[in-house]
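Starting from 1, each residue takes its place in the sequence as its number.
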Amino acid sequence: MSQGLPAAGSVLQRSVAAPGNQPQPQPQPQSPEDDDRKVRRREKNRVAAQRSRKKQTQKADKLHEEYECLEQENTMLRREIGKLTEELKHLTEALKEHEKMCPLLLCPLNFVPVPPRPDPVASCLPR
């Protein structure tokens with residue numbers, strides 16, 4: 001064998017460092033206890049990740065259900081607004097017709113002038 005060369009079967013371990021970086025130490029051979037600890041840590045991490053994903057899915061499902069309920073409530077309220085708007089139009093027309101023939105409003109002794117009313121429908125409609 002020549003001097004300076006490693007013996008056959010041995011491994012030459014050198015760390016090649018990039019300029020400005022310190023060479024990284026080579027990992028030491030792991031003992032069975034280290035392997036067991038690593039396996040337990042990975043298993044624990046896997047279980048925690050599953051639990052986290054399940055919790056995230058449950059949260060997303062709950063938000064989706066809440067969204068659906070709010071959409072239904074919104075639709076119901078819009079229908080109610082439509083019905084109430086129609087009722088307001090109908091009652092406003094009935095009041096206008098009544099004012100045309102109301103004896104109290106036509107009475108000459110009635111000195112209270114009736115101011116013109118603004119359109120109640122326009123002020124109640126959503127913008």
Are Lys62 and Glu65 close enough for a salt bridge, meaning some N to O gap below 4.0 Å?
-> no
By side chain to side chain contact (heavy atoms under 4.5 Å, CB included), which residues pair with Arg53, not counting sequence neighbours?
-> Ala49, Gln50
Give the C-alpha distance, both sets of side-chain angles, the deciding distance and a yes or no for side-chain contact (heavy atoms from CB on, under 4.5 Å) between His90 and Glu87.
-> CA-CA 5 Å; His90 173 72; Glu87 183 181 359; 5.6 Å; no
Glu68 atom CD, neighbour heavy-atom count above 12 within 6.0 Å | yes
Test log, rule side-chain contact (heavy atoms from CB on, under 4.5 Å), inputs Glu97 and Lys100 | CA-CA 5 Å; Glu97 289 300 316; Lys100 291 178 185 176; 3.2 Å; yes
Separation between CG (Leu70) and CG (Leu77), nearest 0.5 Å, reads 10.5 Å
If you measure from CG on Leu91 to NE2 on His98, what distance do you get to the nearest 0.5 Å?
-> 13.0 Å
Check the surroundings of atom CZ in Arg42: do more than 12 heavy atoms from other residues, nucleotides or ligands lie under 6.0 Å from it?
-> no
Full working for side-chain contact (heavy atoms from CB on, under 4.5 Å) between Arg37 and Arg41 = CA-CA 6 Å; Arg37 192 175 315 134; Arg41 191 183 79 230; 5.6 Å; no
Cationic N near anionic O, under 4.0 Å, Lys89 to Glu86 | yes
Evaluate the salt bridge (Lys or Arg N to Asp or Glu O under 4.0 Å) criterion for residues Arg40 and Glu43: first the C-alpha distance (whole Å), next the side-chain angles of each, then the deciding distance (0.1 Å), finally the verdict.
-> CA-CA 5 Å; Arg40 285 193 307 269; Glu43 176 65 17; over 6 Å; no
One should read off an interatomic distance between Glu80 CD and Glu73 CD, to the nearest 0.5 angstrom, of 10.5 Å
Minimum heavy-atom separation for Leu88 to Thr92, with atom names?
-> O-OG1, 2.7 Å
Expected output: side-chain Ser52 to main-chain Ala48 donor-acceptor under 3.5 Å | no
Using a strict 4.0 Å threshold on nitrogen-to-oxygen distance, state whether Lys38 and Asp35 make a salt bridge.
-> no
Would you sort out whether Leu95 and Glu99 count as a side-chain contact (heavy atoms from CB on, under 4.5 Å), showing the intermediate values?
-> CA-CA 6 Å; Leu95 179 62; Glu99 287 175 344; 3.8 Å; yes
At what distance, to the nearest 0.5 angstrom, does OG1 of Thr57 lie from NE2 of His64?
-> 13.5 Å
